[in-house]
Visitor: 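One structure, pasted below without further comment.
Hydrogens, waters and symmetry mates are skipped; everything else that's a heavy atom, side chains included, is used. Per chain, numbering begins at 1; letters A, B, ... match sequence-line order. Predicted model, so just to flag it, every value in this text is computed and none were measured.
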Amino acid sequence: MNHDNETSGAAEAPGRDFIRQIVADDLASRRHREIVTRFPPEPNGYLHIGHAKSICLNFGIAAETGGRCFLRLDDTNPLKEDQAYVDSIIDSVRWLGFDWADRLTHASDYFAQIHACALQLIEAGKAYVDSLSAEQIREYRGTLKAPGRESPHRSRSVAENLDLFARMRKGEFADGEHVLRAKIDMASPNINLRDPVLYRIRRAVHQRTGDAWCIYPMYDFAHTISDALEGISHSLCTLEFEDHRPLYEWLLAQLTLPARPRQIEFSRLNLAFTVTSKRKLAELITLGHVSGWDDPRMPTIAGMRRRGYPPAALRDFVQRTGVTKKEHLIQMSLLENCVREDLNVRAPRAMAVLNPLKVVLINWPEGRTEMLRGANHPDQPELGEREIPFGRELWIEQDDFAENPPKKFFRLQPGGEVRLRYGYIIKCVDVIKDAAGQLTEVHCTVDPETRSGLSGAERKVKGTIHWVSAVHALPAEVRLYDRLFSVPRPDAGGDDQDFKTFLNPASLQVLTGCQLEPALRTIAPGAVLQFERLGYFVADSVDHGAARPVYNRIVTLRDSWARLEEAAGAASAAIPTTSRA
RNA sequence: UGGGGCGUAGCCAAGUGGUAAGGCAGCGGGUUUUGAUCCCGCCAUCCGCAGGUUCGAAUCCUGCCGCCCCAGCCA
């Protein structure tokens with residue numbers, strides 16, 4: 001059951017957030033006949049859960065209204081960008097379930113038009129070449145509370161500006177020697193309007209245009225023009241660009257362009273116990289805290305994919321968090337709920353013992369194997385059944401046996417009975433220990449009348465546990481993942497507090513002696529399963545193979561017993577537990 | 001009084017003057033050969049605070065408080 005190819009359901013019923021209301025109004029009032037949006041990532045890192053929100057919003061609105069959405073790579077800074085990131089972005093958006101048809105574009109596709117826009121601005125006296133250094137420009141810009149000062153080059157003639165800009169483009173100057181600036185208002189309370197830089201000289205080989213250019217447009221300039229050229233009706237971006245909207249509109253007003261998009265801002269998706277800044281994610285990789293952009297603990301789309309999160313769950317999650325202008329911090333439990341909800345319906349069940357404890361059935365004949373049958377899904381008979389071998393020696397979970405059981409423990413215990421899933425009721429009659437006093441195996445008797453299907457199976461016992469026949473078991477490696485950070489806001493300290501000090505040392509636990517039921521022999525990489533009573537797992541897409549099974553834990557099952565134990569432990573020890581959000 | 005935003009439950013979020021949707025989390029109960037799933041029930045006299053307008057305010061007005069963003073030749 002490989003869900004990686006699943007691409008349907010990309011148009012789940014959306015809520016009526018404020019952006020969709022605006023869109024609906026614009027359609028109703030005939031302000032627009034067609035809705036056109038775009039998702040414009042910069043190819044300088046992998047996409048993460050925050051991008052997923054923007055992707056779902058932009059592609060979702062286009063799909064819901066019968067409009068179009070562009071996937072546009074905003075590649076205006078060759079120093080930071082790379083084709084490998086472009087590839088990963090394309091891969092992630094497609095995996096999330098969205099389609100851009102022939103609308104895969106790049107800001108660099110428009111370099112010629114953007115350059116022409118610069119000329120138009122210069123000719124209109126609305127832009128000039130400045131020759132101040134970067135430091136001087138910063139000084140002249142003023143501060144948040146004090147107005148800036150005009151550059152001495154601000155009054156250059158159109159002819160001189162044209163000449164200088166042409167020579168910038170021809171490569172006559174060194175990097176940083178000149179820039180092209182918009183001529184707006186150095187005293188504006190909005191710093192973005194204090195003659196923002198439009199073009200800078202950068203002798204760098206661009207991944208798509210090579211060395212065709214040595215001047216590159218800045219974000220505000222390139223982005224506005226790209227939006228207009230593509231006929232974007234609604235340009236959706238995050239809150240930090242609110243202050244840029246006046247510049248966006250100023251440019252649209254000065255330039256001759258085919259469309260006049262409207263920019264609307266929404267708050268970005270923040271997930272508790274994670275960081276999403278590309279710089280920080282890259283740092284985790286560089287320092288070896290994770291194995292790469294697709295490490296299953298990463299909040300990247302690639303990481304969540306390898307972790308086994310279904311794309312439909314991610315879409316559902318994004319939709320449930322809503323779209324507003326309010327800053328927020330979404331709890332991990334919402335994401336986990338979405339993942340479980342999707343997987344519960346689709347994931348075939350199987351039995352796996354992660355921390356094995358040997359059980360010997362002393363009244364079961366040596367060497368006798370019996371084949372039991374188990375449904376692959378409790379509610380979906382169409383998923384079929386499989387045979388499960390049963391024998392004298394079994395593996396059970398160490399946690400499913402307690403020599404001195406706590407209250408309400410209804411798993412295996414001395415003198416107690418428990419049902420083996422799909423099999424028999426057994427009774428613990430003896431406990432075997434080694435010289436050091438360590439428990440080595442548990443001896444039980446089987447009640448032969450209680451096999452599933454027999455009338456004796458009606459007998460009720462408190463607990464049912466999962467198991468695997470020892471001689472038939474498949475050894476496997478299982479990787480248990482937990483949150484990467486131990487605090488809800490690892491980056492709350494800003495630059496004063498290193499977010500890495502909040503790394504969760506137990507975010508990855510590798511178990512090597514796990515035992516799987518033999519029906520799992522043919523599971524393909526990427527397939528998702530529920531290991532009964534434990535959680536949902538995915539066969540690792542890179543390390544798993546028939547010869548060496550490797551599974552990642554996607555998420556545990558909800559576990560009210562664990563909560564009880566935790567509460568009891570916390571009460572008796574009076575130790576403050578890790579904050580849960 | 002630099003400018004721009006935002007404040008509804010533990011976390012999200014509807015609500016657009018007529019008397020607080022929904023989801024997650026939590027709590028209680030039922031079903032159950034997964035302590036899962038599923039099902040049922042509970043969970044804001046109150047909408048950052050204080051005044052005001054109104055028959056009536058989360059929604060309108062005034063003032064205040066709190067939080068976020070902006071001084072890259074990054075996006």
Visitor: Would you indicate what T324(A) reaches in the nucleic acid, counting non-hydrogen atoms under 4.0 angstrom: base, sugar-phosphate, or nothing?
Guide: sugar-phosphate
Visitor: Can you list everything that forms a salt bridge (Lys or Arg N to Asp or Glu O under 4.0 Å) with R349(A)? Sequence neighbours excluded, please.
Guide: none
Visitor: Grab the N/O contacts between the protein and nucleotides 69-71 of chain B below 3.5 Å, and write none if there aren't any.
Guide:
| residue | atom | partner | partner atom | Å |
| --- | --- | --- | --- | --- |
| A71(B) | O2' | R141(A) | NE | 3.2 |

Visitor: Let me know the distance between CZ of R340(A) and C1' of A36(B), rounded to the nearest Å.
Guide: 10 Å
Visitor: Please find out if less than 6.0 Å separates the ring center of F317(A) from that of Y309(A).
Guide: no
Visitor: Determine the Euclidean distance between corresponding P atoms of A50(B) and U45(B); express it in Å to zero decimal places.
Guide: 15 Å
Visitor: In whole Å, measure the gap between the P atoms of A20(B) and C46(B) for me.
Guide: 12 Å
Visitor: Can you name the residues that form a side-chain contact (heavy atoms from CB on, under 4.5 Å) with N376(A), not counting sequence neighbours?
Guide: L383(A), R386(A)
Visitor: Would you say R411(A) reaches U34(B)'s phosphate, i.e. side-chain N/O to OP1/OP2 under 4.0 Å?
Guide: no
Visitor: In this structure, how many angstroms lie between the C1' atom of G72(B) and the CG atom of L132(A), rounded?
Guide: 15 Å
Visitor: Among C11(B), G7(B), C74(B), which nucleotide sits nearest the side chain of Q331(A)?
Guide: C11(B)
Visitor: Between A13(B), A25(B), U33(B), which nucleotide gets closest to the side-chain atoms of S333(A)?
Guide: A25(B)
Visitor: How about F531(A) and Y536(A): are their ring centroids closer than 6.0 Å?
Guide: no
Visitor: Going by heavy atoms closer than 4.0 Å, what residues in residues 76-83 of chain A are next to RNA chain B?
Guide: T76(A), N77(A), K80(A)
Visitor: So, do F165(A) and H115(A) have ring centers that fall under 6.0 Å from each other?
Guide: yes
Visitor: Is the shortest side-chain N/O distance from R533(A) to OP1 or OP2 of G35(B) below 4.0 Å?
Guide: yes
Visitor: Between F221(A) and Y216(A), is the ring centroid distance below 6.0 Å?
Guide: no
Visitor: Taking any heavy-atom pair under 4.0 Å as a contact, classify A146(A): base, sugar-phosphate, or nothing.
Guide: nothing
Visitor: Quick one: look up who C42(B) pairs with, Watson-Crick or G-U, both distances under 3.5 Å, and put none if it's unpaired.
Guide: G26(B)
Visitor: Would you mind telling me which residue lines up with the more 5' stretch of RNA chain B, L454(A) or L335(A), judged by nearest nucleotide?
Guide: L335(A)
Visitor: What integer number of Å spans the C1' atoms of C24(B) and U19(B)?
Guide: 27 Å
Visitor: Within the structure, does a side-chain N or O atom of S452(A) lie under 4.0 Å from either OP1 or OP2 of U33(B)?
Guide: no
Visitor: Between G56(B) and C69(B), how far is it from one P atom to the other, in whole Å?
Guide: 41 Å
Visitor: Taking the side chain of N344(A) as heavy atoms from C-beta outward, which of U37(B), C73(B), U33(B) is closest to it?
Guide: U37(B)
Visitor: Assign Q530(A) to base, sugar-phosphate, or nothing according to its heavy-atom contacts below 4.0 angstrom with the strands shown.
Guide: base
Visitor: Can you tell me how far C1' in C11(B) sits from the matching atom in U54(B), rounded to whole Å?
Guide: 35 Å
Visitor: Determine: side-chain N/O of H328(A) to OP1/OP2 of A13(B), distance under 4.0 Å, yes or no.
Guide: yes
Visitor: What interatomic distance, in whole Å, is found between C1' of G15(B) and the corresponding atom of U33(B)?
Guide: 47 Å
Visitor: Based on the glycosidic angle (syn within 90° of 0, else anti), state the conformation of G66(B).
Guide: anti
Visitor: Which residues pass the side-chain contact (heavy atoms from CB on, under 4.5 Å) test with E341(A), sequence neighbours left out?
Guide: D316(A), R320(A), N337(A)
Visitor: Looking at every strand, decide which applies to F410(A) at a 4.0 Å heavy-atom threshold: base, sugar-phosphate, or nothing.
Guide: base
Visitor: Hey, is the side chain of R563(A) poking within less than 4.0 Å of OP1 or OP2 on G35(B), counting only N and O atoms?
Guide: no
Visitor: Scan for salt bridge (Lys or Arg N to Asp or Glu O under 4.0 Å) pairs involving residues 454-463 of chain A, sequence neighbours excluded, and state none if there are none.
Guide: E417(A)-R459(A), D447(A)-R459(A)
Visitor: Would you verify whether the NZ or CZ of K280(A) falls within 45 degrees of the ring axis of F499(A) while also being under 6.0 Å from that six-membered ring's centre?
Guide: yes
Visitor: Restricting both atoms to N or O, compile the protein contacts to nucleotides 21-23 of chain B shorter than 3.5 Å, with distance only.
Guide:
| residue | atom | partner | partner atom | Å |
| --- | --- | --- | --- | --- |
| G23(B) | O2' | R320(A) | NH1 | 3.0 |

Visitor: Is W561(A) stacked on the base of G35(B) when the test is centres under 5.5 angstrom and planes under 30 degrees?
Guide: yes
Visitor: Indicate yes or no for a side-chain donor-acceptor contact from R533(A) to the backbone of M351(A) under 3.5 Å, with no hydrogens or angles considered.
Guide: no
Visitor: Look at the side chain of K326(A) and decide which nucleotide, out of A13(B), G35(B), G4(B), has an atom nearest to it.
Guide: A13(B)
Visitor: Does H244(A) have any side-chain hydrogen bond (donor to acceptor under 3.5 Å, both in side chains) partners at least two apart in sequence or in another chain, and if so, which?
Guide: D220(A)
Visitor: For K145(A) and G4(B), give me the distance from atom NZ to atom P, rounded to whole Å.
Guide: 14 Å
Visitor: Tell me, please, which residues at least two apart from R38(A) pass salt bridge (Lys or Arg N to Asp or Glu O under 4.0 Å).
Guide: D227(A)
Visitor: Excluding sequence neighbours, so at least two apart, what forms side-chain contact (heavy atoms from CB on, under 4.5 Å) with C444(A)?
Guide: V359(A), L361(A), L412(A), I426(A), C428(A), V442(A)
Visitor: If you check every side-chain atom of P378(A), which of G35(B), U33(B), A36(B) has the closest atom?
Guide: A36(B)
Visitor: Would you classify I201(A) as touching base, sugar-phosphate or nothing, given that sugar-phosphate means primed atoms plus P, OP1 and OP2, and contacts are heavy atoms under 4.0 Å?
Guide: nothing
Visitor: For T224(A), check side-chain contact (heavy atoms from CB on, under 4.5 Å) against everything at least two apart and list the hits.
Guide: Y248(A), L251(A), L252(A)
Visitor: At under 4.0 Å between heavy atoms, what does K460(A) touch on the DNA or RNA strands: base, sugar-phosphate, or nothing?
Guide: sugar-phosphate
Visitor: Does G7(B) pair with anything, Watson-Crick or G-U wobble, both distances under 3.5 Å, and if so, with which nucleotide?
Guide: C65(B)
Visitor: Just to be sure I understand the rule, does M218(A) reach a base, reach only the sugar-phosphate, or reach nothing, if contact means heavy atoms closer than 4.0 Å?
Guide: sugar-phosphate
Visitor: Which one, C74(B), U34(B), C12(B), comes nearest to the side chain of L329(A)?
Guide: C12(B)
Visitor: In whole angstrom, give the distance that lies between atom CZ of F18(A) and atom P of G7(B).
Guide: 11 Å
Visitor: Output yes when at least one side-chain N/O atom of T321(A) is less than 4.0 Å from OP1 or OP2 of A13(B), else no.
Guide: no
Visitor: Rounded to the nearest Å, what distance is computed from the CD atom of residue Q21(A) to the C1' atom of nucleotide U16(B)?
Guide: 9 Å
Visitor: Can you tell me which residue pairs pass the salt bridge (Lys or Arg N to Asp or Glu O under 4.0 Å) test with a partner in residues 135-153 of chain A, sequence neighbours excluded?
Guide: E150(A)-R154(A)
